[in-house]
Amino acid sequence: MDFPFPQRKIIHVDMDAFYASVEQLDDPSLRGKAIAVGGGHRGVVAAASYEARKFGVRSAMPSKTARERCPHLIFVKPRFARYKEISSKIRSIFHEYTDLVEPLSLDEAYLDVTENKKDIESANDIAREIRKRIFEETGLTASAGISVNKFLAKVASDINKPNGQKTIHPTKIDEFLENLPIEKFYGVGKVTANRMHTLHIFKGSDLKAKSLDELEKLFGKSGRYYYNVVRGIHNGEVKPNRIQKSVAVERTFWDDIKEDEEIDQKLKSLSLELEERLGKKEIKGKTLTLKIKYQDFTLYTRSKTQESYFENAEKFYNTAKQLWELRPFDKAIRLLGLSLSNLNTEEKKQVSVQLKIPFAEFDD
């Protein structure tokens with residue numbers, strides 16, 4: 001494989017069922033049991049233990065659905081201060097190896113170890129050492145993916161979960177991506193995967209057979225992304241000082257919806273999920289935006305800004321309903337989304353230097 005783009009050593013570290021694992025760590029009576037963090041009477045699942053996942057319980061799932069799938073599920077209230085405390089310890093470990101750390105949330109991050117503070121040549125060895133340190137210092141397990149860019153590292157970290165790691169060597173990228181099921185591609189959700197299946201795109205080789213023009217006609221702007229990533233091309237740098245400007249949740253529906261009752265239910269679910277997501281990151285915002293995509297792919301957004309911060313799901317829902325009433329079209333929709341911006345995150349103007357040097361050999 002030829003590389004017309006910078007090659008780096010990127011590690012994606014992803015904690016295993018982080019919030020649920022912390023609860024099981026702190027409360028031995030929960031170990032080995034199916035638990036869900038969050039939920040409650042009207043909430044959504046923020047995280048599920050691996051024991052619960054065996055029954056199909058997943059994050060962002062309504063608690064009612066989770067109970068139906070796993071009647072013996074134990075719900076635990078989230079303790080975000082505790083998760084943040086452990087996350088800080090984990091990030092301290094990362095920074096012993098490199099300053100190029102880009103956190104995605106409390107439980108996952110990208111690391112650029114092309115050059116590292118310990119002069120360890122093998123990125124595979126660095127990932128293994130970091131995972132060992134995390135377990136020794138927190139009692140929790142982590143999984144890792146290692147490759148030449150963020151996309152490949154992210155996909156790889158999910159291959160040997162939990163408590164494992166996967167290296168995608170530069171010489172193996174084509175083979176790996178061509179055989180990867182399309183639903184395993186980062187950025188391909190359930191609805192898109194189903195659509196691709198109807199187009200006889202089941203794995204990377206099927207996607208790779210499509211031209212750029214075909215993919216852009218089928219998937220719009222996302223078409224170029226799919227065209228590139230199936231060829232191992234993803235030039236995004238690890239950005240240690242990335243500042244989050246918005247938090248969003250959205251749902252694409254396989255069957256278009258129009259009934260008021262169903263719309264109302266979706267807005268409630270999205271409001272609850274947005275509240276959960278904000279709680280994890282201790283973020284607040286003053287601008288709420290409703291996003292609507294109609295069945296003909298017409299996109300409509302409407303926002304409301306207030307002087308004080310939005311506080312909870314009830315406020316999100318009430319405002320979303322007001323914005324919904326202002327929509328210009330009364331026709332079936334295929335996507336609903338809510339996002340919060342104008343956040344309380346501080347702007348930090350720091351210049352980070354992304355090292356771009358020739359790629360050194362991975363260990364298999």
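Salt bridge status for E129 with K132: absent, with no side-chain N to carboxylate O gap under 4.0 Å. With respect to the salt-bridge test (charged N to carboxylate O, under 4.0 angstrom), the residues K9 and E115 do not qualify. Salt-bridge formation is detected for the pair R79/D26: a Lys NZ or Arg NE/NH1/NH2 atom is positioned less than 4.0 Å from an Asp or Glu carboxylate oxygen. Using a cut-off of 4.0 Å between Lys/Arg side-chain N and Asp/Glu carboxylate O, E102 and K150 are scored as salt-bridged. Remark: D125 engages R128 in a salt bridge, criterion side-chain N to carboxylate O under 4.0 Å. Comment: E311 does not engage K315 in a salt bridge, judged by the lack of any side-chain N to carboxylate O separation of less than 4.0 angstrom. Under the 4.0 Å criterion applied to side-chain N and carboxylate O atoms, K321 and D264 are assigned as salt-bridge partners. Residues E216 and K221 are not paired through a salt bridge, judged by the lack of any N-O separation under 4.0 Å between the basic side chain and the carboxylate. Ion pairing between a basic and an acidic side chain is recognised when a charged N comes within 4.0 Å of a carboxylate O; K291 and E250 show such pairing.
Between F185 atom CZ and L207 atom CG the span is 6.0 Å, to the nearest 0.5 Å. Rounded to the nearest 0.5 Å, atoms CG (L30) and CG (L25) are 11.0 Å apart.
There is no side-chain donor-acceptor pair under 3.5 Å between N124 and S122. Donor-acceptor pairing under 3.5 Å is recorded for the side chains of S143 and D16. Side-chain polar atoms of E237 and Y110 form no donor-acceptor pair below 3.5 angstrom. S246 and S341 share no donor-acceptor pair across their side chains, judged by distance under 3.5 Å alone.
Aromatic ring orientation, F151 versus H234: tilted (interplanar angle from 30° to 60°).
L199 and F202 fall into different hydrophobic clusters, defined by Ile, Leu, Val, Met, Phe, Trp and Tyr side-chain heavy atoms under 4.5 Å apart, directly or through other members. Each of V76 and L272 belongs to its own hydrophobic cluster when Ile, Leu, Val, Met, Phe, Trp and Tyr are linked at side-chain heavy-atom distances under 4.5 angstrom. In the hydrophobic cluster analysis, where Ile, Leu, Val, Met, Phe, Trp and Tyr join through side-chain heavy atoms closer than 4.5 angstrom, I120 is grouped together with I11.
For residues 206-215, the salt bridge (Lys or Arg N to Asp or Glu O under 4.0 Å) pairs, not counting sequence neighbours, are D174-K208, E178-K208.
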Under the criterion side-chain contact (heavy atoms from CB on, under 4.5 Å), I'd like the reasoning laid out for L267 against L290: C-alpha separation, chi angles, the key distance, then a yes or no.
CA-CA 10 Å; L267 289 176; L290 172 68; 3.9 Å; yes
Criterion side-chain contact (heavy atoms from CB on, under 4.5 Å) on Q165 and I146, from CA distance to verdict:
CA-CA 8 Å; Q165 64 184 62; I146 308 100; 3.8 Å; yes
Would you please test I173 and V148 for side-chain contact (heavy atoms from CB on, under 4.5 Å) and show each step?
CA-CA 9 Å; I173 290 173; V148 299; 3.7 Å; yes
Would V22 and R82 count as a side-chain contact (heavy atoms from CB on, under 4.5 Å) if you check the C-alpha gap in whole Å, the side-chain angles of each, and the deciding distance to 0.1 Å?
CA-CA 8 Å; V22 171; R82 174 62 170 153; 3.8 Å; yes
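Taking the centre of each ring, F176 and H169 stay at or above the 6.0 Å mark. Note: F329 and Y300 fail the aromatic proximity criterion, with ring centroids not under 6.0 Å apart.
Tested against D99, the residues R91, K117, K239 include a single salt bridge (Lys or Arg N to Asp or Glu O under 4.0 Å) partner, K117.
In terms of modelled atom types and a separation under 3.5 Å, the side chain of S147 and the main chain of I168 share a donor-acceptor contact. Between the side chain of R69 and the main chain of V57, no donor-acceptor pair closer than 3.5 Å is present. Listed for the R67 side chain is no donor-acceptor partner under 3.5 Å among the backbone atoms of L73.
Counted within 6.0 Å of NZ on K118, heavy atoms from surrounding residues, nucleotides or ligands total more than 12; the atom is thus considered enclosed.
Taking all atoms of both residues into account, the shortest heavy-atom contact from Y19 to A46 is CD1-O, 4.5 Å.
A cation-pi arrangement is present between K331 and Y294, with the terminal nitrogen or guanidinium carbon under 6.0 Å from the aromatic centre and inside a 45° cone about the axis. Under a cutoff of 6.0 Å and an axis angle of 45°, R53 and Y50 form a cation-pi pair.
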Let me check something: any side-chain donor-acceptor pairs from residues 186-198 under 3.5 Å, sequence neighbours excluded? List them with distances.
from	atom 1	to	atom 2	distance (Å)
N194	ND2	K190	O	3.3
R195	NH1	L218	O	2.8
R195	NH2	L218	O	2.9
H197	NE2	E183	OE1	3.4
T198	OG1	R195	O	2.5

